[in-house]
Structure formats: C-alpha cells, structure tokens
Amino acid sequence: MKFENKDKLDLLIIVVHPDDAELGCAGTILKAVDSGKRVGVVDLTQGELGTRGTAATRFEEAAKASQLLGIAVRENLKMRDGFFRNDEEHQLKVIEVIRRYQPEIIITNALRDRHPDHGRASQLVNDAVFLSGLRRITTSDKEGEQEPHRPRLLLELIQDRYIKPDIVVDISEYWEEKIAVIQAFRSQFFNSDYQVEEPQTYISRPEFMKAIESRAIEYGKDIQVSHAEGFTCSRYLGVNSLFDLL
Ligand SMILES: [Zn+2]
C-alpha cells in the first residue's frame, strides 16, 4: 500500500539564489497559491557572495518573502554560492528534493544569463530532473528509500538577459504584490522609503526595478495584458484545447 505523501507539492521552484524565485516568477507563484496549489521554493545557496547583506539577512528576507508568497515550503540546500558544481554530489542533493516533494511542475533558473551561477544551476536542475526519474539511482531520506519521480513539466525563468519566452503567464492582478515580495529583500533592491548604507550594485539601482517592470510589460503586450512573466521550455508545450490559450 502506498501512503499519500504529505510533503507533495504541485509546483516547486529550484533556484540558486534567495530572490531568484521572487524576481523571476513571484506573480506565477502568487497566482498558483491563490488557486489552491501547494507551492515550494528551494534555494541552492544562501547568496553569501552578494555585495550587500549577509547570509543571515538574506535568510530573514527570504522568510519574509515566503510569508508574503503564501508558499508551503522554503528550503536552503547551502551549496557554495559561486562555486557549486553540476556533478554527482550536487545532482543527488537536488534529486532528493525532487523525490521528497514530487512536484508536477518545476521552475528553475534561466539557461544562460549574466550571472554564471544561473546557467550552471539551470543545467544542474535540468540534469537532476531527468536522473530523478531513473529507479536505479537510489536515494533515501528519514522515511527510507525514496521513489523515483520526474515532474511532467520543467520550465526555466528568464532573468537578466533577454530571452524570447516559449510561454508567458498573465500576472497583471499580482503585479503590486510581486513588487512587495521583491522588496522584502530590503538589502538587495531599491526602495525609496529607506536607504541601505552599503555599496550600490547592479540590482540596487532604481533603474533595475524599472527594467523588471518593462520586461513584464513587454511580455504582457503580445497577449494584451498589462504584466506577464515569461518562461522557456526545452520540449513542446501542449494544451488540451487551443481555447485554453489567451
Ligand atoms: Zn540569482
């Protein structure tokens, strides 16, 4: 007899830095949670190489953002920021997470981007998603040997560099909430309400927040909504009916 997995998630975001999930797909997460889906975020590293803030502040900020997102799970695998590898050791850690939460859909980092961690994390998660479905790769957790699991869909975020999306999700109704979630990372992003006494960075300038919104507007324009988030996928995206498409 197979017991129901109480950890099971509908949607799992596995990304390298605390704040990648928020920047890339907070709207999609908020919308999924609102429709009753169980969503989780697993960060691979603590973002300890970031110019501003520390691992401790990023942890607190991620906890605040998680609360605003309404997600069921947030976990940190504490791999080394900047220096983790896509090798067997790291793949097994990601496989254990996939098998524990058995998500239907996984979202990971952009396949290529300005920050080299993003592409490497994306490749790591892409490889782990495939390997997680192979029963001869055995992993275990405190409940014993884990079942193989491969999600039915793996999508990649679009982050700093422009990438033509394969699918866009209308997040117009969630735009204001998305900004609030991003600004939970107080040490990282611009907010006119307070100043952080640390060096300015690429992402802490006010222009960065404008660029985030411009991108969302650009992705929304084609489907005639105000804001959208874009994703890529390495396989065809299927629908039951063309009328499901916006
Ligand atoms: Zn990042």
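Ligands are counted one by one from 1 in listed order, and the atoms in each one are counted from 1 as well. One-based numbering along the sequence shown.
A salt bridge links Arg58 to Asp19: at least one charged side-chain nitrogen sits closer than 4.0 Å to a carboxylate oxygen. With respect to the salt-bridge test (charged N to carboxylate O, under 4.0 angstrom), the residues Arg52 and Glu61 do not qualify.
At a cut-off of 2.8 Å, His17 coordinates the Zn ion (ligand 1) through an N, O or S atom. The Zn ion (ligand 1) has no N, O or S atom of Asp19 inside 2.8 Å of it.
Taking the ring axis of Tyr162 as reference, the NZ or CZ atom of Arg215 does not stay both within 45° of it and closer than 6.0 Å to the ring centre.
Heavy atoms of other residues, nucleotides or ligands lying less than 6.0 angstrom from CD of Glu173 number 12 at most.
Vertex the Zn ion (ligand 1), arms ending at OD1 of Asp20 and NE2 of His118: the angle is 110° after rounding to 10 degrees.
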